[in-house]
Amino acid sequence: VQLQASGGGLVQAGGSLRLSCTASSRTFSTYLMGWFRQAPGKDREIVAAISWSGRDTYYADSVKGRFTVSSDNRKNTVYLQMNILQSEDTAVYFCAARPSGDYSGSYLLLRPKQYTLWGQGTQVTVSS
């Protein structure tokens, strides 16, 4: 299974971007998904996560009210809509996945080590 992330770019502060992460697996609907980001010199941090049922989501405090995570099982794709972008959002963004296994439909994974699949990362640069 491969994850392909896209949608990054250069945007002015206050602008918007939508990141996409497409999985090559037909069982995408049973994957727990997450978005992480890593700025230069910093650890990789959770941005948002979505349960495999799609009913539950998590957002880091720094992005609450500005970012929205969603999934489209027909397209094997998870999205991260990012609005009101700030310079502090500048980072490489990664999508991550893990087959649901025994996890319930409401479970969320928040730590990088919990994920088994990673996309290649897409750069988001916000100019002030």
- Which class fits the ring pair Y115 and F36: parallel under 30°, tilted 30 to 60°, perpendicular over 60°?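 Rings of Y115 and F36: perpendicular, over 60°.
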
- Item | Derivation of the side chain to side chain donor-acceptor pair (under 3.5 Å) call for T77 and S20 | CA-CA 7 Å; T77 300; S20 299; over 6 Å; no

- Task: Check whether any side-chain heavy atom of F28 sits under 4.5 Å from a side-chain heavy atom of T22, and report yes or no.
- Result: no

- Item | Side chains of S6 and T122 in contact at under 4.5 Å (non-hydrogen atoms) | no

- Task: Decide whether Y79 and R18 meet the rule of one side-chain donor and one side-chain acceptor closer than 3.5 Å.
- Result: no

- Item | Any donor-acceptor N or O pair under 3.5 Å, side chains S106, S51 | no

Working to the nearest 0.5 Å, report the span between [atom1] of [X] and [atom2] of [Y].
{"X": "S70", "Y": "M33", "atom1": "OG", "atom2": "CE", "value": "11.0 Å"}
{"X": "I50", "Y": "T68", "atom1": "CD1", "atom2": "OG1", "value": "10.5 Å"}
{"X": "F67", "Y": "Q81", "atom1": "CZ", "atom2": "CD", "value": "9.5 Å"}
{"X": "L108", "Y": "T57", "atom1": "CG", "atom2": "OG1", "value": "7.0 Å"}
{"X": "T125", "Y": "L10", "atom1": "OG1", "atom2": "CG", "value": "6.0 Å"}
{"X": "S71", "Y": "L80", "atom1": "OG", "atom2": "CG", "value": "12.5 Å"}

For [X], give me all partners under side-chain hydrogen bond (donor to acceptor under 3.5 Å, both in side chains), at least two apart in sequence or on another chain.
{"X": "D43", "answer": "none"}
{"X": "S128", "answer": "none"}
{"X": "S16", "answer": "N83"}

Is there a continuous path of hydrophobic side-chain contacts, each under 4.5 Å between heavy atoms, that joins [X] to [Y]?
{"X": "L110", "Y": "V69", "result": "no"}
{"X": "V78", "Y": "L32", "result": "no"}
{"X": "V47", "Y": "Y31", "result": "yes"}

- Message: With side chain to side chain contact (heavy atoms under 4.5 Å, CB included) as the criterion, how do D56 and Y107 come out once you've worked through the C-alpha distance, each side chain's angles and the decisive distance to 0.1 Å?
- Response: CA-CA 8 Å; D56 298 89; Y107 207 83; over 6 Å; no

Does the [X] side chain pair with the main chain of [Y], one donor and one acceptor, at a distance under 3.5 Å?
{"X": "R37", "Y": "V92", "answer": "no"}
{"X": "W118", "Y": "L3", "answer": "no"}
{"X": "S24", "Y": "Q2", "answer": "yes"}

- Task: With I46 as reference, evaluate Y58, Y59, W35 under the side chain to side chain contact (heavy atoms under 4.5 Å, CB included) test and give the passing residue.
- Result: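 So the option named by the test is Y58.
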
Any residue meeting side-chain contact (heavy atoms from CB on, under 4.5 Å) with [X], in chain and number order, not counting sequence neighbours:
{"X": "Q120", "answer": "Q4, A5"}
{"X": "Q38", "answer": "R44, F94"}
{"X": "V126", "answer": "V11, A13, L85, D89, T90, V124"}

